[in-house]
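The block underneath contains the structure these notes are about, expressed in structure tokens.
Side chains included, hydrogens not; waters and symmetry mates left out as well; all remaining heavy atoms used. One-based numbering, in listed order, for ligands and for the atoms of each. Remember, it's a predicted structure, so these values are computed and weren't measured experimentally. In this chain, residues are counted from 1 in sequence order.
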Amino acid sequence: MERKVLLVANWKMNPTTLKEAEHLFDTIKKGIDKKKEVEVVVCPPYIWLFPLINSAKTLLQKHVRPGRKFAFGSQDCFWERKGAYTSQVSSFMIKNLDCQYVIAGHSERRRYFQETDEMVNKKVRVILKAKLKPIICIGEEARDTFDSQGHPMNEMSLVIGDQLEKALRGISSSQIGDLVVAYEPIWAIGTGNSCSPDDAMRAALFVRKILTKLYDRSTADKATVLYGGSVNSRNAASYVKNAGIEGLLVGGASLNASEFIRIADRVTE
Ligand code: PGA
């Protein structure tokens with residue numbers, strides 16, 4: 001069976017009011033409702049998750065269930081189950097809200113909150129323990145780097161191979177079916193400089209190669225691989241129509257309901 005295209009809307013620290021968040025969700029929901037081939041995962045800030053899930057339950061009883069068209073995700077979580085960790089939210093709390101996904105290791109977390117690969121690994125473990133699906137973000141900082149002789153230094157594969165292997169320490173092959181890996185080159189995030197579909201495909205193939213090395217080929221095929229970084233309605237289709245990319249992680253463009261709906265249109269045309 002063909003997989004649905006997975007569209008993850010990462011709202012980051014937006015919008016500022018609950019009213020705007022409800023309006024954004026409602027508009028997206030109405031615009032995507034009739035499309036069959038996408039699964040949309042809305043990842044609002046923590047504070048809007050609970051009210052949005054509640055209103056969504058009444059709005060779309062049928063859709064906010066595993067395997068259905070809409071799901072909710074959290075942008076992060078802490079690695080402990082509960083305890084004296086001021087301001088933190090555990091994966092078990094997120095699970096309790098009826099969320100299904102948690103983003104782990106987004107480059108903004110790594111950059112502004114000094115999140116390391118070891119921390120990302122602890123989060124991935126606890127996300128899976130809570131029976132949620134981790135969306136692990138990996139990506140290189142700079143576009144192409146060359147050595148003094150002008151040879152490419154393979155920045156992408158070096159960085160993402162290392163990040164992925166560390167993020168998956170202690171994760172068994174039976175858990176890989178729940179794994180989502182988002183290739184998000186940092187230079188492409190929020191810059192308007194999206195990665196070429198060919199390069200994204202190369203990265204996606206590389207992700208499968210690493211997973212095959214860590215597990216085996218059939219296990220590697222069970223993971224879902226996404227691309228993220230300046231995705232918009234003009235470039236979205238080129239990623240998912242090319243082999244290897246099964247969905248998109250959308251930041252800025254997910255805050256504009258009509259643009260996000262257009263992305264869903266383009267990838268399912
Ligand atoms: P962007 O963000 O679509 O605004 O580039 C993507 C992301 O950070 O996940």
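The residue from Val180, Leu226, Leu168 that alone fulfils the side-chain contact (heavy atoms from CB on, under 4.5 Å) condition with Ile136 is Leu168.
Protein heavy atom in closest approach to atom 9 (O) of ligand 1: Glu184 OE2, 2.8 Å. From the protein, the heavy atom lying nearest to atom 4 (O) of ligand 1 is Gly252 N, 2.8 Å. Of the protein's non-hydrogen atoms, the one nearest atom 3 (O) of ligand 1 is Gly251 N, 2.9 Å. When only non-hydrogen protein atoms are considered, atom 2 (O) of ligand 1 lies nearest to Lys12 NZ, 3.3 Å.
Taking 4.0 Å as the cut-off between side-chain N and carboxylate O, Asp178 and Lys131 do not count as a salt-bridged pair. Under 4.0 Å is where a charged nitrogen must lie from a carboxylate oxygen, and between Glu80 and Lys122 no such pair does. A salt bridge links Asp199 to Arg202: at least one charged side-chain nitrogen sits closer than 4.0 Å to a carboxylate oxygen.
Using a 30° and 60° split on the angle between ring planes, Phe78 and Tyr85 fall in the tilted class, from 30° to 60°.
Of the heavy atoms in Ile189, both backbone and side-chain atoms come closer than 4.0 Å to ligand 1.
Using a 4.0 Å cut-off to heavy atoms of Gly190, the atoms of ligand 1 that qualify are 1 (P), 4 (O), 5 (O).
Contact analysis leaves Ala253 out of contact with ligand 1, as no non-hydrogen atom separation drops below 4.0 angstrom. Within the 4.0 Å heavy-atom cutoff, Gly228 does not count among the residues contacting ligand 1.
For ligand 1, the polar-atom distance check finds no N/O of Leu249 at less than 3.5 Å from any of the ligand's N/O atoms.
Phe206 has its ring centre no less than 6.0 Å from the ring centre of Tyr183.
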